[in-house]
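For reference, the structure discussed in these notes is given below.
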There are 2 protein chains.
Amino acid sequence: QGTRDHPPAHVALRDRLLTAVVACFKRHGAAAIDTPVLELRETLTGKYGEDSKLIYELQDQGGELLALRYDLTVPFARYLAMNRITNMKRYHVAKVYRRDSPATTRGRYREFYQCDFDIAGQFDPMIPDAECLKIVHEILSDLQLGDFLIKVNDRRILNGMFAVCGIPECKFIAACSTMDKLDKMPWEEVRSEMVGEKGLSPEAADRIGEYVQLHGGLDLVEQLLQDPKLSQNKLAKEGLGDMKLLFEYLTLFGITGKISFDLSLARGLDYYTGVIFEAVLLQQENDRVEEPVSVGSVAGGGRYDGLVGMFDPKGRKVPCVGVSIGIERIFSILEQRVKASGEKVQTTETQVLVATPQKHFLAARLKLISELWDAGIKAEMFYKKDPKLLKQLQYCEDMGIPLAAIIGEQELTDRVVKLRDVATREEVRMPLHQVCKRFRNLEI
Amino acid sequence: QGTRDHPPAHVALRDRLLTAVVACFKRHGAAAIDTPVLELRETLTGKYGEDSKLIYELQDQGGELLALRYDLTVPFARYLAMNRITNMKRYHVAKVYRRDSPATTRGRYREFYQCDFDIAGQFDPMIPDAECLKIVHEILSDLQLGDFLIKVNDRRILNGMFAVCGIPECKFIAACSTMDKLDKMPWEEVRSEMVGEKGLSPEAADRIGEYVQLHGGLDLVEQLLQDPKLSQNKLAKEGLGDMKLLFEYLTLFGITGKISFDLSLARGLDYYTGVIFEAVLLQQENDRVEEPVSVGSVAGGGRYDGLVGMFDPKGRKVPCVGVSIGIERIFSILEQRVKASGEKVQTTETQVLVATPQKHFLAARLKLISELWDAGIKAEMFYKKDPKLLKQLQYCEDMGIPLAAIIGEQELTDRVVKLRDVATREEVRMPLHQVCKRFRNLEI
């Protein structure tokens, strides 16, 4: 329940998507690591806030207490601490597990891929952070998913905002996790959860309400740097200063057009300490609505400078910033698009089917296909002794195999192969070595 | 315990290996599927014989009883039955889990990759079976692991042999699983386990002892077809007839040189019903030993015609044959070889480092690297405002980055980039668009 098999058409489409994402990660110089799907339970506890109840635990079978990984960030932090690595740019594409109520219609499952890129190390402010945003921008542009917006904020600005609104520090994280729901529910509901469940004063909530409506660009940063209350708060000032720097770098990258500094962005996870961001796709309903509607988050991330220290016996910190691409959400969108277009996803890469119109040609076919395989050509044949030619050609059409290498009596005598273009039905007879050469040329 | 993190050098080497294996699977026209890492416990029970105790079970958390997959074959059979697929050629590369005592020195872990290729469907005998052996031959040749041998046998021949040796049918599977240990222990020990633990008569064990010493090629098949006892047994005769056919096809593939029909090969798993095979690497210790010594199995597989039917409510059978490549064993061998050679495994694919010899060039570097990324070039830069040029060039050497794109005052004024070959130290100045062009040419 909540997990699923992926048939070939799924896997082929997903591989296409993952290839594009990984290509971007590699373009930015990241190395890949891999960590076990099983982590010690204690590694995962206390990292995910309210969501910790969604961790899959394994039976105690006389060994350590284990759980399935919940994301790739916590294992990465553990990896850095265990190996005392203070400097690393890595990507990791792997499945994670959550005991969530699966909303399979919205592309949410209990087992799903995460694609993470993270930069660990002590560097000058906002340079790696800007690169993470550049990566989101590149990937969403490459995939041609339509218009998108990357919202950015900073946990320090949020905390400063909470402080100047009169919220006690012990309630910052709770307030954050409620604010994180602003993309799913209107401010009124979020406000009532803040006042009701989280115990904030109505006045404090209203003051927050004013801030969270603000979004803009560098101008908004400048404006808030002049804000009489916020500018007095040390954390907020630091965050706003860095936000200004970030916008400077994003301007050099030429991507500020898709970036929105948005005070309502909170992100649910406990471990963020600085910049946070989230990318949403914008749905253009032609000219019917003025402002494009968000169809949900497709990437997110932020800075977490304290997480690695939690795994180090001496608490040594390694500052990190990273991004996670919401591959499953993007997959659902692409899948719908493929369905709508009627495109047939090719599930194999077969270049040629070895076929025959005559009986008793199994040996000849086996010999020919073996030579094709040995020449590196992707080839298939029917596993029947005497298949019908029509069926063989039909299979080519069904599977999108472009060519058939046909042999019969005459071809065997003449020591040639008849190469048939399945689409045009054109046929050319040529010796085998020429066939191999032809495929080699196709590959260049 | 028994699981491990994989650092970048590991992952890079493993990816190289997996790419070669998957290329072969695709060359043979297979499509990829993916199944969840979690299966229902009942799916896995009763499929692995004595090894069932090694299955990882999850805690019952108010849902179904789940376990981590033990291999990829049983999930494939379940997938076929659930989706009523009667015809499919698929590959699956994924991790499986076993609560084994990890023998980490021999490359055995509790979490490890399996690479499987299987052909499901009702076809003419031995054609897909021969293809599986061809695949093993191609992969082991491609990877240049040294000399190897593929042992083949047939469960029907084994069962016939047991029958004519006077072993009751109910003890066939037990006898098989003991015989499977012949590659790890001498016949004497296997014999005593057969007689002691498995309750065979000493005479029957001795009769088996004579057969299991036999190995050879087509000649041995012919000889056994004339064997007065075996030739009277229906199952054995069927198996030997198909073995003859198999050798005929393998001759057409030109690979019989590496194939040994070996009556001692049993394979541990319950579900095999026909051909079984296992590939071993042969260690040449120069001229010191006459016969090369086996260093362990690197691939194995066989025919399992009954497994899919176990998952179908009406017991409908789908004949299957498949091969599993022992990627972890092969990885250990390659890793040792890399270590011995002193080769440094490249963990990133970065083509150029954007560098500067001067202070206050962060903005210029960010602008340049952004343009390189947008042109699809794999580029990195230091995340420091004012890095030292020597450190930047040193980084190129450490990471194997072949080029540095250097900008300083003069380059900025002249609107050029200085492209430095890290190895030769040659430097060329050229406008940016020419740099991009140069990389595009390199890729062709």
Side-chain angles (χ1 to χ4, degrees), chain A residues 1 3-8 10-12 15 26-38 56-59 61 63-64 79 82-83 90 95 99 111 119 121 123-124 127-128 130 134 138 249 252-254 347-350 362-363 366-367 370 373-374 376-380 383-385, chain B residues 1 3-8 10-12 15 26-38 56-59 61 63-64 79 82-83 90 95 99 111 119 121 123-124 127-128 130 134 138 249 252-254 347-350 362-363 366-367 370 373-374 376-380 383-385:
Chain A
Q1 209 206 334
T3 63
R4 55 175 173 170
D5 292 320
H6 299 273
H10 252 211
V11 177
D15 280 354
K26 285 184 175 172
R27 193 157 62 232
H28 287 260
I33 70 161
D34 189 17
T35 64
V37 76
L38 301 170
Y56 261 113
E57 299 183 348
L58 258 75
Q59 238 175 20
Q61 292 170 325
E64 315 102 321
Y79 174 82
M82 266 179 69
N83 297 285
R90 85 89 178 77
K95 285 179 182 167
R99 262 169 14 90
E111 174 183 63
I119 301 170
F123 302 116
D124 280 321
I127 309 177
K134 176 80 171 88
E138 282 179 28
Y249 299 157
L252 290 165
F253 287 161
T347 58
T348 62
E349 297 177 8
T350 308
L362 177 59
L366 285 170
K367 208 163 167 342
S370 173
W373 285 330
D374 292 344
I377 296 163
K378 294 167 194 149
E380 284 185 77
Y383 299 124
K384 299 266 180 189
K385 271 192 231 161
Chain B
Q1 209 203 334
T3 64
R4 56 175 172 170
D5 292 320
H6 299 273
H10 253 211
V11 177
D15 280 353
K26 285 185 176 174
R27 193 157 62 233
H28 287 260
I33 70 160
D34 189 19
T35 64
V37 76
L38 302 169
Y56 260 112
E57 298 182 345
L58 258 75
Q59 240 176 20
Q61 292 170 325
E64 314 102 322
Y79 174 81
M82 265 180 68
N83 297 285
R90 84 90 178 77
K95 285 179 182 167
R99 262 168 16 89
E111 174 182 64
I119 301 171
F123 303 115
D124 281 320
I127 309 178
K134 177 79 171 89
E138 282 179 27
Y249 299 157
L252 290 164
F253 287 161
T347 58
T348 62
E349 297 178 6
T350 308
L362 177 60
L366 285 170
K367 205 161 171 340
S370 173
W373 284 330
D374 292 343
I377 296 163
K378 294 168 193 148
E380 284 185 76
Y383 299 124
K384 299 266 180 188
K385 270 193 235 164

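Bear in mind the structure is a predicted one, so any value in this text is a computation, not a measurement. Note that these values count all heavy atoms, side chains included, but never hydrogens, waters or copies made by symmetry. Lettering of chains follows the sequences in order, A, B, ..., and the numbering in each one begins at 1.
With chain A as partner, the option from B:M82, B:E349, B:K367, B:H10 having the largest number of non-hydrogen pairs under 4.5 angstrom is B:E349. Ranked by heavy-atom pairs under 4.5 Å with chain A, the first of B:D15, B:N83, B:T350, B:T348 is B:T348. Considering only heavy-atom pairs separated by less than 4.5 Å from chain B, the leading option among A:A379, A:G121, A:A32, A:A31 is A:A32. Interface remark: of the candidates A:F123, A:Y383, A:Y79, A:Y249, A:Y383 forms the most heavy-atom pairs closer than 4.5 Å to chain B.
Smallest separation of non-hydrogen atoms from B:I33 and A:P8: CG2-CD, 3.6 Å.
The contact between A:A30 and chain B is made entirely by backbone atoms, counting heavy-atom distances below 4.5 Å. Looking at A:K134, the atoms closer than 4.5 Å to chain B (heavy atoms on both sides) all sit in the side chain, from C-beta outward. Heavy atoms of A:H28 lying under 4.5 Å from chain B belong to its backbone as well as its side chain.
Taking 4.5 Å as the limit, every side-chain heavy atom of A:K95 sits out of range of all side-chain heavy atoms of A:V37. The shortest distance between side-chain heavy atoms of B:D5 and A:P36 falls below 4.5 Å.
Between the side chain of B:D124 and the main chain of A:K385, a donor-acceptor pair closer than 3.5 Å is present.
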Just do the side chain to side chain contact (heavy atoms under 4.5 Å, CB included) check on B:I127 and A:L366 with the steps written out, would you? CA-CA 9 Å; B:I127 309 178; A:L366 285 170; 4.3 Å; yes
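Around atom NZ of B:K384, more than 12 heavy atoms belonging to other residues, nucleotides or ligands sit under 6.0 Å away.
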